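Each remark here refers to the structure printed beneath this line.
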Amino acid sequence: MEKINNVDVEVINGQMDEKEIIAYIDYLKQKFPNEQLTELTLTIDGDYVDMHYHLKPLQFERIRRITGYLVGTLDRFNDAKRAEERDRVKHQL
């Protein structure tokens, strides 16, 4: 198993040049843009190649609308905005 473009890659039943392996990696990254490809096993079967891969979700930052602003965290709010957020009425469903 070798690491190509931060992906653990294993080729079974033959050999494949790095350019072709990168093409398979790029294909999977385009197909699953919101996930990170971690492992790829390519099994050569004559004229066909079977792909087995492992993906993990990418980290994302939650954005909320608070007191009229789109924010991820409150760390950049001044004391008045923090008080406004603390004192607001939170409705339940």
Side-chain angles (χ1 to χ4, degrees):
M1 190 171 289
E2 62 181 305
K3 194 173 250 345
I4 299 175
N5 289 356
N6 295 323
V7 178
D8 290 327
V9 178
E10 181 178 13
V11 178
I12 299 173
N13 292 340
Q15 294 182 359
M16 192 177 294
D17 65 6
E18 188 170 324
K19 187 176 180 179
E20 189 173 0
I21 293 171
I22 290 172
Y24 283 110
I25 291 171
D26 290 343
Y27 167 77
L28 290 170
K29 286 182 177 181
Q30 287 177 4
K31 186 172 181 176
F32 302 103
N34 297 323
E35 300 184 76
Q36 180 182 359
L37 178 63
T38 57
E39 293 180 28
L40 175 61
T41 302
L42 300 167
T43 305
I44 300 172
D45 184 17
D47 291 337
Y48 300 97
V49 175
D50 293 326
M51 293 189 301
H52 297 277
Y53 47 87
H54 296 276
L55 303 167
K56 76 176 191 181
L58 293 175
Q59 295 291 330
F60 67 94
E61 181 180 345
R62 172 176 277 163
I63 302 293
R64 301 176 289 167
R65 184 176 180 92
I66 299 176
T67 66
Y69 295 91
L70 293 175
V71 297
T73 62
L74 303 178
D75 61 340
R76 295 182 57 192
F77 276 16
N78 62 23
D79 291 340
K81 276 293 175 198
R82 286 177 196 253
E84 186 178 338
E85 189 279 330
R86 183 183 62 243
D87 296 340
R88 72 186 177 133
V89 175
K90 296 177 175 106
H91 301 282
Q92 299 293 325
L93 292 176

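All residue numbers refer to positions in the sequence shown, counting from 1. This is a predicted model, so every value here is computed, not measured. All values below come from the heavy atoms of this structure, side chains included, with hydrogens, waters and symmetry mates left out.
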Tell me which pairs pass ring pair (Phe, Tyr, Trp, His ring centres under 6.0 Å) where either residue lies in residues 5-31, with sequence neighbours left out.
none
Check side-chain hydrogen bond (donor to acceptor under 3.5 Å, both in side chains) between Asp8 and all other residues, then give those that pass, not counting sequence neighbours.
Lys3
Can a donor-acceptor pair be found, under 3.5 Å and without considering hydrogens, that links the side chain of Asn78 to the backbone of Ala80?
yes
As an exercise, state the distance from CE of Met16 to CD1 of Ile22, rounded to the nearest 0.5 Å.
12.5 Å
With a cut-off of 6.0 Å (strictly less than), are more than 12 heavy atoms of other residues, nucleotides or ligands near CG of Asp17?
yes
Going by atom type alone, with no hydrogens or angles, which donor-acceptor pairs under 3.5 Å involve a side-chain atom of residues 28-54 and a protein atom two or more places apart or on another chain?
| unit_1 | atom_1 | unit_2 | atom_2 | d |
| --- | --- | --- | --- | --- |
| Thr38 | OG1 | His54 | O | 3.1 |

